[in-house]
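Working notes for the structure below.
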Amino acid sequence: INVILQGTLAQDFSQSVHQGDVVAASGFTVGKSPTRLRDKLHPFNLQLSGDHACVFVSRVTKVPKYMYVRLKDLKPGTVVNVYGVVVFFKQPFRTRGTDFCSSLKITDQSNQSVFCTIFCEKLEDHPKIFQIGDIIRLHRVKTQFFNDSIMLVNTFGFSVVTFDGGEGGPVEPRTSCQKFHFDETDGSTVEELRAWAAGQVKMPPSPLMRLSAVQPTNYFDLTCQLLAKASIDSTCTLLRVWDGSRCAHTLLKVNISPDIIEGPPSFSARKEELIANILVYDNHVEFTRQLKPGDFLRLYNLRAIPGSQKVPGLPSSQPAELHHLSFHLHGGTAYGRGLRILPENSSDVQELKRVLDLFEDDELNNSYLMDTWSTTPESSAGENRTSKNLWPAAAAAFHPEVFTKQHPEQLSEVRRAGPGGVHHVRVQLRSYEPQKLHQLLKLYCSKCSSMQDVPDEELVENLFSQASRSPVPCDPPPWALSGMARLPPGPLKRTLSIHMSKQLVSEGKTTQLIFIMGSSLEEAIQLTSGYQNVVPVMSSGGHMTLLDLSAPFLFRGRKRFYGCRNCSDVVIKEPWGNGVELINEKTIAEAFGIQLMQFVFLMKFKLQDATDSLDVFLFRDAELFFGVTAEDAAANQEAQSRVCRMVESICPPEDSTGERPWLHLCLVSYSREDDFGQNQTCYQICHSAIASSSPDLQAPFHPPF
DNA sequence: GTTTAGGGTTGG
């Protein structure tokens, strides 16, 4: 039925009512509804317009279905539900009883870490944990004391859901359970844990490595595709796997009789170079029986062992060669040792597939060269792998893993070939621009292709103080709750005006989003510790608006986000329509009419070899090249200095004793019109990545596009 | 409403 309100009553009502509220009306009159034919509602309506008419609005607070206990507040002998970030885990292993056992350790914002043991008969009921940092939700676990500390064990009605722990990614529950509870509060709980974990320095580092980064004696986790397998004896299975990168060390070759191999008995010479043979022992052998070639796997706590190793089942005529690296998944479950199949839709597998497909496409294109390649393997044999003068021991080595040609070309040939080609070169870096390395970060608008420097701190500070110098009051938008905020104790004891969304506050999401007016830059930064999204605003013509777009429009943790001046048309609206659960830079930018700028790396290198020198850009594949995203470099001093160290290590200063290493790079040449309308040939580094040999320079896994 | 395990590597 339609209810018609007028005057101040209508105004008061519309400001306080929310969808879902219970409304009681008194003093109304019944009238004929003029819209009954159109809206097909009740033929009468209720008109609340007299002097005695009034409306009561009462909010029905939703009783949450599940309560979650913080890990610090666990009491012995209770059954609870908890959320946590995984800091240690073992894949499920067989117990002496009837069940498999998952062993894990989790932590949360209360900074307590707690051990959990999950017993389940079926593997699919166990938590699907892929890596440290994953988020886990446990329902109906009981607390108990062991060794003077409280721990968790599953109990009747137990259920578990896990999520990827990466900030900004989709919140996709991992479970094999058909029916499980999941609502918007779960989504925000996961987001809150992700954001909290991202700011924790004490989180254990990921042991994931690509093959190209593995060094002798390393323990590491590997994401890979299974190409073939062979059962060697009851305690050992051979897995032949690849991840698209080439290990910097000669690998153990295992010649197995073709009739015991499941999958192709051999591969092209180029592909064989990338394949790692992994020996899986003891308790893990059972799990390898269900593996099929083509499966995507993660292997936990693999060991790379150099030198002569006895390989079980191999004929004595083929002793493992000295100094050849072999990979072992030893028996036991210490340090989470084990393996699992990764689902095809997981983001890590998607990334891996892109790299592997690139290799396969490339191999197809170059199949006409394969004959030459196979008959002269020494022509390929590891110039960039073994030569000592090529690279200082602890620095990085380059492996453009996707060559379009097998032999490096000389720079003079590259120049002669003109635009429209892909070249593999062996060069030294003579110089680079910008000289000031912090300037290699830029802001880029993908819509208008404009590029600008990242504003320095002083400029942003000025914009903040300018904005706070115009204390013109402004009408807060109708959707906002406004007030003054006291900052956490510190040197600054000022208050500033804040605005929050009524809707979010009513949903209890009080830390999701805050608008601040009249603050300094420093205060805005301080607030990021308590609020996930901090938006600085000012008053203009009585309305709330953003600061000049040279300043960040949003602070999220240590990250700052900028809008494009050309392409943005700013109107502050509620950054959530119906159904928007997630509040992040994308949803906020969209709501405010902002074209989000992205951080990019841009550098110019002067390359040289014996024949010529050539200016090339590093832009499109720069993140792959450094193994660092530009966004991380912008937010994280450590990541930024890592990039600087890499640049300095491939181009040591003139006066230093450091040798200038030879780099294998992939270059693409293309034609571009210069300012005078003349066609000009440009060059860019592509597909080339730094494969590091020291852990602090390690390049993470990253797609080449 | 039971039991299992209770993180911590040198091993082919």
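Proteins come first, then strands; the chains are lettered A, B, ... in the order of their sequence lines, and each starts at number 1. These figures come from a predicted structure and were not determined experimentally.
Atom CD of A:Gln144 is separated from atom C1' of B:dT4 by 12 Å (rounded to the nearest Å). A:Asn283 has its CG atom 14 Å from the C1' atom of B:dA5, to the nearest Å. Atom CZ in A:Phe220 sits roughly 18 Å away from atom P in B:dT10 (whole-Å rounding). Per the geometry, CG belonging to A:Leu152 stands 19 Å off P belonging to B:dA5, to the nearest Å. Here B:dT10 presents its P atom at 14 Å from CG of A:Leu329, a figure rounded to the nearest Å. We find that CG of A:Asn154 is positioned 15 Å from P of B:dG6, with the value rounded to whole Å. Spacing between atom CD1 of A:Ile278 and atom P of B:dG12 amounts to 18 Å, rounded to whole angstrom units. Between the C1' atom of B:dT4 and the CZ atom of A:Phe146 lies a distance of 13 Å, rounded to the nearest Å.
Nearest to the side-chain atoms of A:Thr98 among the listed nucleotides B:dG11, B:dA5, B:dT3 stands B:dT3. The side chain of A:Thr235 lies closest to B:dG12 when the candidates are B:dG12, B:dT4, B:dG8.
Nearest-nucleotide positions on DNA chain B for A:Lys142 and A:Thr117 put A:Lys142 closer to the 5' end. Comparing A:Asp99 and A:Arg303 by the nucleotide of DNA chain B whose heavy atom lies nearest to each, the residue mapping closer to the 5' end is A:Asp99.
A:Arg246 and A:Ser212 share no donor-acceptor pair across their side chains, judged by distance under 3.5 Å alone.
Here A:Phe119 counts as stacked on B:dT4: its ring centre is under 5.5 angstrom from the base ring centre and the planes meet at under 30°. Stacking between A:Phe156 and B:dG1 is present: the aromatic ring centre lies within less than 5.5 angstrom of the base six-membered ring centre, and the two planes differ by under 30 degrees. In this structure, A:Phe88 forms an aromatic stack with the base of B:dG7, since both conditions hold: centre separation below 5.5 Å and plane angle below 30°. By the criterion of a centre-to-centre distance under 5.5 Å and near-parallel planes under 30°, the ring of A:Tyr281 forms no stack with the base of B:dG11.
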Worksheet entry | Worked verdict on A:Phe119 versus A:Phe158 for ring-ring contact (aromatic ring centres under 6.0 Å, His included) | CA-CA 10 Å; A:Phe119 295 108; A:Phe158 161 78; over 10 Å; no
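Residue-to-nucleotide contacts include no donor-acceptor pair under 3.5 Å from the side chain of A:Lys90 to the base of B:dG7. Residue-to-nucleotide contacts include no donor-acceptor pair under 3.5 Å from the side chain of A:His328 to the base of B:dG12. No hydrogens or angles were tested; on distance alone, a donor-acceptor pair under 3.5 Å links the side chain of A:Asp282 to the base of B:dG12. With hydrogens and angles left out, the side chain of A:Tyr335 and the base of B:dG11 share no donor-acceptor pair within 3.5 Å.
The glycosidic torsion of B:dG8 lies within 90° of 0, which places this base in the syn conformation.
In this structure, A:Gly336 reaches neither bases nor backbone, as no heavy-atom distance under 4.0 Å exists between it and the strands shown. At the heavy-atom level, A:Phe115 lies under 4.0 Å from base atoms of the strands shown. No contact: A:Glu121 has no heavy atom under 4.0 Å from any strand.
A:Asn154 and A:Val141 make their closest contact through CA-CG1, 3.9 Å (heavy atoms, listed as atom of the first residue, atom of the second, distance).
Under the rule for a ring-ring contact (aromatic ring centres under 6.0 Å, His included), the partners of A:Tyr68 that lie at least two apart in sequence or sit in another chain are A:Tyr83, A:His139.
On the C1' atoms, B:dT10 is 24 Å away from B:dG6, given to the nearest whole Å.
Ring geometry for A:Phe89 versus A:Tyr300: interplanar angle over 60°, hence perpendicular rather than tilted (30 to 60°). Ring geometry, A:His126 versus A:Phe100: the interplanar angle exceeds 60°, so the pair is classed perpendicular (tilted spans 30 to 60°).
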